[in-house]
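Because only heavy atoms are used, hydrogens play no part in the values below, and waters and symmetry mates are left out as well, while side chains stay in.
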Amino acid sequence: MTSAQLRGVYVPLVTPFGDDGSVDFTSLQRLANESLDAGATGLVALATTGEVTSLTDDERDDVVRALSELSADRGTPLIVGAATNNTDVTVKRHHALADVPGVIASLAVVPYYVRPSESAIVRHFEFVSEGSPVPLVIYNIPYRTGRGLGPDSLLELASIPGIAGVKQAVGSLDADTLRVLAEAPSDFAVLGGDDAFLAPLVLMGGAGAIAASAHLCTDRFVAMIDAALAGDAAKARPHAEALLPLVQALFAEPSPAVLKAILHEEGRISTPS
């Protein structure tokens with residue numbers, strides 16, 4: 001995988017459900033195609049937005065298979081959420097990606113609930129990366145996991161060959177993030193994970209975004225990130241200003257509740273469940 005593959009906008013797809021509670025694969029594939037048609041670089045399966053904690057193992061496998069086949073057919077990259085707070089399970093889920101077409105990386109969340117030290121988190125990811133068939137994108141989201149990674153830990157992870165980047169979701173564009181942007185190797189991708197701060201993060205050296213909000217107005221998010229990647233703040237700013245009220249509304253309730261309600265209202269998924 002080249003660092004260029006992690007540039008741009010990745011849409012972490014919701015998992016649509018039918019009236020009987022089963023996964024609605026017709027809606028899932030429609031959302032995937034619409035996102036890619038609107039200019040998204042690629043997709044993310046089994047992210048937070050995909051309600052992965054509500055899926056059975058079989059449903060997880062089926063979602064990955066469906067998005068893998070679609071991504072392979074279209075020649076677009078796929079990232080798959082493959083981490084838990086259990087190192088052994090995380091390793092096994094990474095091994096399972098070996099023969100999945102189209103997958104360029106995993107999204108590997110910081111171990112949650114058990115609250116390991118930062119040094120233990122680094123060792124966890126180092127161990128997982130050693131046996132993973134795909135590079136890891138670390139998911140740093142302390143307000144969900146109870147533990148975050150500071151700049152020293154992120155820069156240590158950035159030096160490990162099997163770790164390709166970080167989805168940085170720390171609630172702001174803070175000094176720690178700016179230090180990582182300034183000091184990380186050029187082949188380490190810092191991806192925005194807080195949808196309100198995507199443009200400034202990319203303007204300061206970020207590679208793009210994994211943005212739940214980009215299910216909607218996908219073309220505007222793509223235009224904003226493209227402008228920011230080109231260093232054109234004047235061109236990125238109107239998009240950021242226009243999209244901010246949407247982002248704030250989408251996260252007024254725990255994600256993806258508001259997003260699913262809108263997607264259903266637009267007729268893009270069969271139920272808002």
For R220 against A242, the heavy-atom pair lying closest together: NH2-CB, 3.5 Å
Between R93 and D57, is any pair of side-chain heavy atoms under 4.5 Å apart? yes
Does the side chain to side chain contact (heavy atoms under 4.5 Å, CB included) test come out yes or no for L97 and S106, once each step is laid out? CA-CA 8 Å; L97 298 176; S106 77; 4.2 Å; yes
Closest heavy-atom contact between V180 and P151? CG2-CA, 3.9 Å
Smallest separation among heavy atoms of S71 and P77, with atom names: OG-O, 4.5 Å
Would L107 and V80 count as a side chain to side chain contact (heavy atoms under 4.5 Å, CB included) if you check the C-alpha gap in whole Å, the side-chain angles of each, and the deciding distance to 0.1 Å? CA-CA 6 Å; L107 184 62; V80 176; over 6 Å; no
Donor-acceptor pair, side chain of T90 and main chain of N86, under 3.5 angstrom: yes
Please name the residue in the list L78, L36, L28 that meets the side-chain contact (heavy atoms from CB on, under 4.5 Å) test with L70. L36
Do L216 and L250 touch side chain to side chain, with heavy atoms closer than 4.5 Å? yes
Indicate yes or no for a side-chain donor-acceptor contact from S129 to the backbone of G162 under 3.5 Å, with no hydrogens or angles considered. no
Does any part of the side chain of L136, heavy atoms only, come nearer than 4.5 Å to the side chain of H94, both counted from C-beta? yes
Run the salt bridge (charged side-chain N to carboxylate O under 4.0 Å, His left out) check on D152 and R179 step by step: do they pass? CA-CA 9 Å; D152 290 337; R179 183 181 160 204; 2.9 Å; yes
M204 with F221, same ILVMFWY side-chain cluster at under 4.5 Å: yes
So do V222 and D226 actually touch side chain to side chain, heavy atoms under 4.5 Å? yes
If you round to the nearest 0.5 Å, how far is CD1 of I269 from CG of L13? 11.0 Å
Heavy-atom closest pair, residues I104 and I79: CG1-CG1, 4.3 Å
For the side chain of D24 and the backbone of T26, is there at least one donor-acceptor N/O pair under 3.5 Å apart? yes
Is there a donor-acceptor pair under 3.5 Å between the side chain of T49 and the backbone N or O of A212? no
With a 4.5 Å limit on heavy-atom distance, are the side chains of T41 and R7 in contact? no
Test of understanding: clusters of I, L, V, M, F, W, Y form through side-chain heavy atoms closer than 4.5 Å, transitively. Do V258 and V14 belong to the same one? yes
Check for me, please, whether L203 and M224 land in the same ILVMFWY cluster - side-chain distances under 4.5 Å, paths through other members count. no
Considering all heavy atoms of both residues, which atom of G50 and which atom of T15 are nearest to each other, and what is their separation? O-OG1, 2.6 Å
Out of curiosity, L154 CG to E118 CD, how far, rounded to the nearest 0.5 Å? 8.0 Å
A side-chain contact here means heavy atoms from C-beta on lying under 4.5 Å apart; do Y143 and D194 qualify? yes
Please check this pair: side chain of R147 against backbone of P116, looking for a donor-acceptor N/O pair closer than 3.5 Å. yes
Does a sphere of radius 6.0 Å around CD in E265 hold more than 12 heavy atoms from other residues, nucleotides or ligands, not counting ones at 6.0 Å or beyond? no
Given 3.5 Å as the limit, does a donor-acceptor pair link the side chain of N85 with the main chain of V114, or not? no
As an exercise, state the distance from OG1 of T177 to CZ of F197, rounded to the nearest 0.5 Å. 10.0 Å
For the side chain of T56 and the backbone of E59, is there at least one donor-acceptor N/O pair under 3.5 Å apart? yes
ILVMFWY network linking L178 to L198, side-chain heavy atoms under 4.5 angstrom: yes
Distance check, rounded to the nearest 0.5 Å: H264 atom NE2 versus S27 atom OG? 9.0 Å
I'd like to know if K92 and D88 make a salt bridge, using a cut-off of under 4.0 Å between side-chain N and carboxylate O. yes
Between atom CD1 of I262 and atom CZ of R268, what is the distance when rounded to the nearest 0.5 Å? 10.5 Å
Say whether L263 and F251 are linked into one hydrophobic cluster, either directly or through other cluster members, by side-chain heavy-atom distances under 4.5 angstrom. yes
Would you call L246 and D195 a side-chain contact if the rule is heavy atoms closer than 4.5 Å? no
Is any side-chain heavy atom of V166 closer than 4.5 Å to a side-chain heavy atom of F188? yes
If you count the non-hydrogen atoms of other residues, nucleotides and ligands that lie under 6.0 Å from CG in D20, is the total more than 12? yes
Return the CG to CG distance between D219 and D37, rounded to the nearest 0.5 Å. 11.5 Å
Go through the steps to decide whether S153 and V122 satisfy the test side chain to side chain contact (heavy atoms under 4.5 Å, CB included), and finish with yes or no. CA-CA 7 Å; S153 297; V122 172; 3.8 Å; yes
Can you check whether L55's main-chain N or O pairs, donor with acceptor, with R60's side chain at less than 3.5 Å? no
Could you tell me which residues satisfy side chain to side chain donor-acceptor pair (under 3.5 Å) with E156, sequence neighbours excluded, listed by chain and number? R123
Thinking salt bridges, do R237 and D232 make one under a 4.0 Å N-O criterion? no
I need the minimum non-hydrogen distance between L229 and G8, along with the two atoms involved. CD1-N, 4.1 Å
Donor-acceptor pair, distance only, cut-off 3.5 Å: does the side chain of H124 make one with the backbone of T87? no
Without swapping roles, check the side chain of T271 against the backbone of F17 for a donor-acceptor pair under 3.5 Å. yes
When you look at L43 and Y10, which way does the side chain to side chain contact (heavy atoms under 4.5 Å, CB included) test go after all the steps? CA-CA 5 Å; L43 307 170; Y10 280 79; 5.8 Å; no
All pairs passing side-chain hydrogen bond (donor to acceptor under 3.5 Å, both in side chains) where residues 252-263 contributes a residue, at least two apart: E51-K260
